[in-house]
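Here is the structure we will look at, set down as structure tokens.
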2 protein chains.
Amino acid sequence: MARPRQFDEKAVLTAVRDQFWTAGYAGTSLDDLLRVTGLGKGSLYAAFGDKRSLHRRVLGDYVEATHAALRAMLTASPRAVDGLRRYLTAPTEDPTGAAALRGCFLGNSTSEMAAADTDMLAAAHRAFEERTGILAEAVARAQHEGDLPTGTDPAETARAVVTAQQGVVFMGRTGMDVTALRAVAETLADRILSRV
Amino acid sequence: MARPRQFDEKAVLTAVRDQFWTAGYAGTSLDDLLRVTGLGKGSLYAAFGDKRSLHRRVLGDYVEATHAALRAMLTASPRAVDGLRRYLTAPTEDPTGAAALRGCFLGNSTSEMAAADTDMLAAAHRAFEERTGILAEAVARAQHEGDLPTGTDPAETARAVVTAQQGVVFMGRTGMDVTALRAVAETLADRILSRV
DNA sequence: CCAGTTCTTGACCGATCGGTCCATCATCAT
DNA sequence: ATGATGATGGACCGATCGGTCAAGAACTGG
């Protein structure tokens with residue numbers, strides 16, 4: 001039919017995501033995107049549209065992937081409460097602190113753009129509601145397994161978990177020492193996921 | 001001697017801070033700053049230096065002011081534990097949610113700039129260490145007052161409090177419903193500031 | 001081989017960016 | 001009144017911004 005694409009779409013999207021992730025939306029120029037992808041302007045625009053669309057795309061992929069991973073981790077845990085605890089401490093798993101400094105792509109994008117971009121705000125809202133839903137299922141399971149008190153609404157506990165986790169992620173971005181951060185994450189896990 | 005300044009420095013700095021606060025650093029142009037301050041380029045540059053210096057200045061003022069306010073609030077509370085709880089729920093005090101959406105100027109700046117700007121990273125690190133120190137004093141007081149268990153390191157509890165509070169602030173930025181957010185903040189306060 | 005189609009490259013666009021500079025103006029000490 | 005001094009406003013700068021477009025390259029179906 002016609003000339004085939006000379007780039008690997010998945011690799012390009014990963015490179016774009018990483019660029020947005022580390023430098024932010026406003027902080028990455030089109031030239032940055034061309035550099036990290038190796039593409040020309042025309043190719044990038046024909047394939048993905050403008051800068052904003054590209055960001056929307058990679059952020060959507062990111063949310064989808066992380067939620068799938070979260071679901072997998074939660075169901076893989078023999079006890080749901082262990083999965084929830086792991087979710088809270090995950091940001092501190094890289095001992096170098098590099099991952100902690102980088103933060104969460106969704107969180108970074110929300111912080112930067114949600115106040116001025118209603119689409120981004122809506123996307124963030126949706127994503128975190130979904131994440132809360134995923135966690136709430138695990139909380140319900142943990143209740144059934146006798147690891148969490150049954151009196152409270154699972155969604156309420158789930159919201160406390162996401163909130164605490166985003167707090168941990170944020171403190172990582174302030175350059176807080178990783179071992180101290182891990183201790184904080186574990187303290188929060190102990191408090192939020194206690195049997196009483 | 002010479003022509004005196006025709007602007008109120010404090011008003012100018014407040015306007016600049018609010019602009020950076022709501023639109024972010026990269027998201028505010030010099031023209032934005034001229035617009036909100038009413039100054040000309042020459043005046044702004046002569047008085048405060050370049051854009052980055054101006055940001056550093058207003059952020060420094062902000063940190064100083066908020067830490068003074070925090071100290072005041074903590075010492076004003078008859079029981080230290082009430083002050084700590086208030087700190088956690090403060091981001092949800094505006095029922096319209098506007099304040100929650102706006103977030104924290106220091107937090108926003110950190111999120112946007114710390115990864116790429118080592119000065120910002122160092123400033124954020126310093127600021128949050130100071131904030132932890134302030135809270136740790138209140139935690140120690142609460143321990144003496146019998147409202148918190150004495151076994152744990154005050155600094156450790158203080159770190160958990162800042163982390164949780166920043167989580168609350170962040171969730172506010174995602175557009176989470178304010179009453180739900182308040183409930184989360186209170187849940188976290190209950191868990192972190194419990195007598196056991 | 002050719003026609004048709006898509007992809008690629010990079011020149012080019014107007015707008016805006018942060019920042020400099022200077023002519024002019026207002027004030028105060030003399 | 002006048003000269004020295006600092007504030008002011010805006011013209012101006014080169015660089016870079018995001019985005020468009022056209023000419024040509026690379027491929028496939030005939």
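Every chain is numbered from 1, with letters handed out A, B, ... down the list of sequences.
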- May I ask you to say what A/Ser43 touches in the nucleic acid, namely base, sugar-phosphate or nothing, with a heavy-atom cut-off under 4.0 Å?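 If one applies the 4.0 Å heavy-atom cut-off, A/Ser43 turns out to touch a base.
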
Roughly how many Å is it from [atom1] in [X] to [atom2] in [N], rounded to a whole number?
X: B/Leu30; N: D/dG9; atom1: CG; atom2: P; answer: 16 Å
X: A/Asp50; N: D/dT20; atom1: CG; atom2: C1'; answer: 12 Å
X: A/Arg3; N: C/dT8; atom1: CZ; atom2: P; answer: 6 Å
X: B/Leu44; N: D/dG9; atom1: CG; atom2: P; answer: 11 Å
X: A/Leu39; N: D/dA25; atom1: CG; atom2: P; answer: 19 Å
X: B/Leu33; N: D/dG9; atom1: CG; atom2: C1'; answer: 16 Å
X: A/Lys51; N: C/dT16; atom1: NZ; atom2: C1'; answer: 13 Å
X: B/Asp31; N: D/dC17; atom1: CG; atom2: C1'; answer: 14 Å

- Message: Between A/Arg86 and A/Glu93, does any side-chain N to carboxylate O distance fall below 4.0 Å?
- Response: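 Yes.
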
- Message: Taking the nucleotide of DNA chain D with the nearest heavy atom to each, does A/Gly42 or A/Tyr25 sit closer to the 5' end?
- Response: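 Its nucleotide being nearer the 5' end, the pick is A/Tyr25.
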
- Message: Please determine whether a side-chain nitrogen or oxygen atom of B/Ser29 lies at a distance below 4.0 Å from atom OP1 or OP2 of C/dT16.
- Response: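 No, B/Ser29 has no side-chain N/O under 4.0 Å of OP1/OP2 on C/dT16.
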
- Task: Please figure out whether B/Pro4 or A/Pro4 has its closest DNA chain C nucleotide nearer the 5' end.
- Result: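 The residue mapped nearer the 5' terminus is A/Pro4.
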
- Task: Tell me which of B/Gln6 and A/Gly38 sits closer to the 5' end of DNA chain C, going by the nucleotide each one is nearest to.
- Result: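 Final value for this comparison: A/Gly38.
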
- Within 6.0 Å of CD in A/Glu64, more than 12 heavy atoms from elsewhere: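 Not more than 12 within 6.0 Å, no.
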
- Query: How far apart are the closest heavy atoms of A/Leu59 and A/Leu106, and which atoms are they?
  - Reply: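 Closest approach of A/Leu59 to A/Leu106, heavy atoms only: CD1-CA, 3.8 Å.
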
- Which class fits the ring pair A/Phe20 and A/Phe105: parallel under 30°, tilted 30 to 60°, perpendicular over 60°?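 Ring orientation, 0 to 90° scale: parallel.
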
- Query: So is B/Lys51 actually on top of B/Tyr25's ring, under 6.0 Å and inside 45° of the axis?
  - Reply: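 Here B/Lys51 passes the 6.0 Å and 45° test against B/Tyr25.
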
- Query: With respect to the side chain of B/Tyr45, which nucleotide from D/dT5, C/dT20, C/dC7 is positioned closest?
  - Reply: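 The nucleotide sitting nearest to the side chain is C/dT20.
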
